[in-house]
Amino acid sequence: MQITFDNPGFDYSIRSILLFQTEEAGDWWRESLYCFYPQVERERVEGLKGAAREAYLRDALREVYRSLAPELAEKREAYQAHWEENRRAVEEALGDVFQTPLADRYQDIRAHITLNPVCPRFLAERSFDIFCRNSPRGALGMALHEVVHFLWFDRWSALFRDDPAEYETPHLKWLLSEMAVKPILGEPRLAARNPYYPDNCVYAYFDTMTVEGRPILEVMEALYAVGGVDGLMEEGFRFCQEHEAEIRRQMK
């Protein structure tokens, strides 16, 4: 398994940010931009559309990117070096979890270092974004989360032969995959290398979500302990189907 960290440039950062500055995106997704970049005026962003919104963000963040350029180069090298130090242990641990040798697979994963505090992942391209303010340990923690998604959906597709469009938000299969990250990252070799485990490795609303009086992540961890990844996929999805309305209500 290989992750290659890169700096895809200012234009990419703006496009990444714009993915979460839409009318359809909820406040939870939009808010972090304004926390990290107070010079960006929320009222201006929300009052503009299309090319005008993009132009405003470019003007507001161009100097930020220019000033960070030397640091971004240093971060790329530091992230890559930290990954290489931990690569063997990570691929062995994930290979055991997914029962698949990984030393000679997944050689093309790309991690794009951007200004975007929200870090999307792209299954088809096997790529994801990393916020440039992460430490090397934090970048590895983010990478572990996203690599689990790549492995999870490859395994899921092999088992169920369904439509990959359903692997993305807002579909239930996406929701289950986000919950499943926590029990998988609890594998001791992964947990020891992840500064976001156990308290910040999934979306916050899952940490407080309960179904029938029981924390939903506790349910997922129990299913994983009994059936491994395949059991979590089958039984976890059945559980989510039965309780979908309540899960979505609490997400709001």
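Numbers here simply count residues along the sequence, with the first being 1. Scope of the values below: all heavy atoms of this structure, side chains included, with no hydrogens, waters or symmetry mates.
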Worksheet, complete the sentence: Hits for salt bridge (charged side-chain N to carboxylate O under 4.0 Å, His left out) against Arg76, two or more places apart or cross-chain, chain-then-number order -> none

Fill in: Audit row: Asp162, Tyr167, side-chain hydrogen bond (donor to acceptor under 3.5 Å, both in side chains) steps and yes/no
CA-CA 9 Å; Asp162 52 1; Tyr167 302 167; 2.4 Å; yes

Worksheet item: So, for Ile3 and Phe128, which heavy atoms are closest and what is the spacing to 0.1 Å?
Response: CG2-CZ, 4.3 Å

Fill in: Separation of Glu146 CD from Trp152 CH2 (nearest 0.5 Å)
14.5 Å

Discussion item. If you count every heavy atom of other residues, nucleotides or ligands that lies below 6.0 Å from Gln99 atom CD, does the total exceed 12?
Written reply: no

Item to complete: Spell out, as yes or no, whether a donor-acceptor pair under 3.5 Å connects the side chain of Lys75 to the backbone of Cys132.
Response: yes

Fill in: Evaluation steps, side chain to side chain contact (heavy atoms under 4.5 Å, CB included), between Val90 and Val147
CA-CA 10 Å; Val90 168; Val147 168; 6.0 Å; no

Worksheet item: If every non-hydrogen atom of Pro8 is compared with every non-hydrogen atom of His112, which pair is closest and at what distance?
Response: CG-CB, 3.7 Å

Worksheet item: Could you walk me through whether Thr22 and Trp29 pass the side chain to side chain contact (heavy atoms under 4.5 Å, CB included) check?
Response: CA-CA 10 Å; Thr22 67; Trp29 298 100; over 6 Å; no

Worksheet entry | Contact list for residues 62-93, test ring-ring contact (aromatic ring centres under 6.0 Å, His included), sequence neighbours left out | Phe5-Tyr79, Phe10-Tyr65

Would you mind writing out the side-chain donor-acceptor pairs for residues 34-53 within the sub-3.5 Å range, not counting sequence neighbours?
| unit_1 | atom_1 | unit_2 | atom_2 | d |
| --- | --- | --- | --- | --- |
| Tyr34 | OH | Gln21 | OE1 | 2.7 |
| Tyr37 | OH | Leu115 | O | 2.7 |
| Arg42 | NE | Glu46 | OE2 | 2.7 |
| Arg42 | NH1 | Glu31 | OE1 | 2.2 |
| Arg42 | NH2 | Asp27 | OD1 | 2.9 |
| Arg42 | NH2 | Glu46 | OE2 | 3.3 |
| Arg53 | NE | Val45 | O | 2.9 |
| Arg53 | NE | Leu48 | O | 3.0 |
| Arg53 | NH1 | Gln21 | O | 2.5 |
| Arg53 | NH2 | Glu23 | OE2 | 2.8 |
| Arg53 | NH2 | Val45 | O | 3.3 |
| Arg53 | NH2 | Leu48 | O | 2.8 |

Discussion item. Test your reading of the model: is there a side-chain donor-acceptor pair from Glu91 to the backbone of Met1, 3.5 Å cut-off?
Written reply: yes

Worksheet item: Atom OG1 in Thr100, atom CG in Asp154: separation rounded to 0.5 Å?
Response: 9.0 Å

Discussion item. Can you tell me if Asp104 has over 12 outside heavy atoms packed within less than 6.0 Å of its CG?
Written reply: no

Discussion item. Measuring from atom OG of Ser177 to atom CG of Leu151, what distance do you get when rounded to the nearest 0.5 angstrom?
Written reply: 12.5 Å

Practice prompt. Over all heavy atoms of both residues, which pair between Ala139 and Ile130 is shortest? Give the atoms and the distance, please.
Written response: O-CD1, 3.8 Å

Worksheet item: Are any of the side-chain heavy atoms of Phe206 and Leu175 separated by less than 4.5 Å?
Response: yes

Item to complete: To the nearest 0.5 angstrom, please state how far the OG atom of Ser13 sits from the CG atom of Leu72.
Response: 7.5 Å

Discussion item. Determine whether Val211 and Val219 satisfy the following criterion, side chain to side chain contact (heavy atoms under 4.5 Å, CB included), listing intermediate values before the conclusion.
Written reply: CA-CA 9 Å; Val211 175; Val219 173; over 6 Å; no

Worksheet item: Are Asp129 and Arg15 ion-paired here, with the side-chain N under 4.0 Å from a carboxylate O?
Response: no

Fill in: side chain to side chain contact (heavy atoms under 4.5 Å, CB included) against Thr4, all qualifying residues, sequence neighbours excluded
Gln2, Gln80, Arg110

Worksheet item: In Å and rounded to the nearest 0.5 Å, what is the CD1 to CD1 distance from Ile247 to Ile216?
Response: 3.5 Å

Item to complete: Evaluate side chain to side chain contact (heavy atoms under 4.5 Å, CB included) for Glu212 paired with His243, printing each intermediate quantity in order.
Response: CA-CA 9 Å; Glu212 295 183 340; His243 302 285; 3.3 Å; yes

Please set out all donor-acceptor pairs under 3.5 angstrom arising from side-chain atoms of residues 182-205, sequence neighbours excluded.
| unit_1 | atom_1 | unit_2 | atom_2 | d |
| --- | --- | --- | --- | --- |
| Lys182 | NZ | Pro198 | O | 3.3 |
| Glu187 | OE1 | Arg189 | N | 2.7 |
| Glu187 | OE1 | Leu190 | N | 3.2 |
| Glu187 | OE2 | Arg189 | NE | 2.8 |
| Glu187 | OE2 | Arg189 | NH2 | 2.8 |
| Arg189 | NH1 | Asp96 | OD2 | 3.3 |
| Arg189 | NH2 | Asp96 | OD2 | 2.8 |
| Arg193 | NE | Asn86 | OD1 | 2.9 |
| Arg193 | NH1 | Arg189 | O | 3.0 |
| Asn194 | OD1 | Tyr196 | N | 2.9 |
| Tyr196 | OH | Asn134 | OD1 | 2.5 |

Worksheet item: Going by heavy atoms in the side chains, are Glu234 and Leu223 under 4.5 Å from each other?
Response: no

Worksheet item: Would you find a donor on one side and an acceptor on the other, under 3.5 Å apart, between the side chain of Asn116 and the backbone of Ser16?
Response: yes

Worksheet entry | Nearest-0.5 Å distance, CE of residue Met233 to OH of residue Tyr224 | 10.5 Å

Discussion item. I'd like to check the salt bridge (charged side-chain N to carboxylate O under 4.0 Å, His left out) partners of Glu235; sequence neighbours left out, ordered by chain and number.
Written reply: Arg238

Discussion item. Quick check: closest heavy atoms across Ala165 and His171, and the distance to 0.1 Å?
Written reply: O-CD2, 3.3 Å

Practice prompt. If the plane angle is over 60° it's perpendicular, under 30° parallel, otherwise tilted; pick one for Phe153 and His149.
Written response: parallel

Response to the item:
Heavy-atom closest pair (Met179 atom, Leu217 atom, distance to 0.1 Å) is O-CD2, 3.9 Å

Worksheet item: Do Arg58 and Asp11 have side-chain heavy atoms sitting under 4.5 Å apart?
Response: yes

Fill in: Gln241 side chain near Glu244 side chain, heavy-atom distance below 4.5 Å
no

Worksheet item: Is a side-chain donor or acceptor of Glu24 paired with a backbone partner of Phe20 at a separation under 3.5 angstrom?
Response: no

Worksheet entry | Validation row: Met209, Arg249 side chains within 4.5 angstrom (heavy atoms) | no

Discussion item. Please find the pair of heavy atoms, one from Leu176 and one from Met220, that lie closest to each other, and give the distance.
Written reply: CD1-SD, 3.8 Å

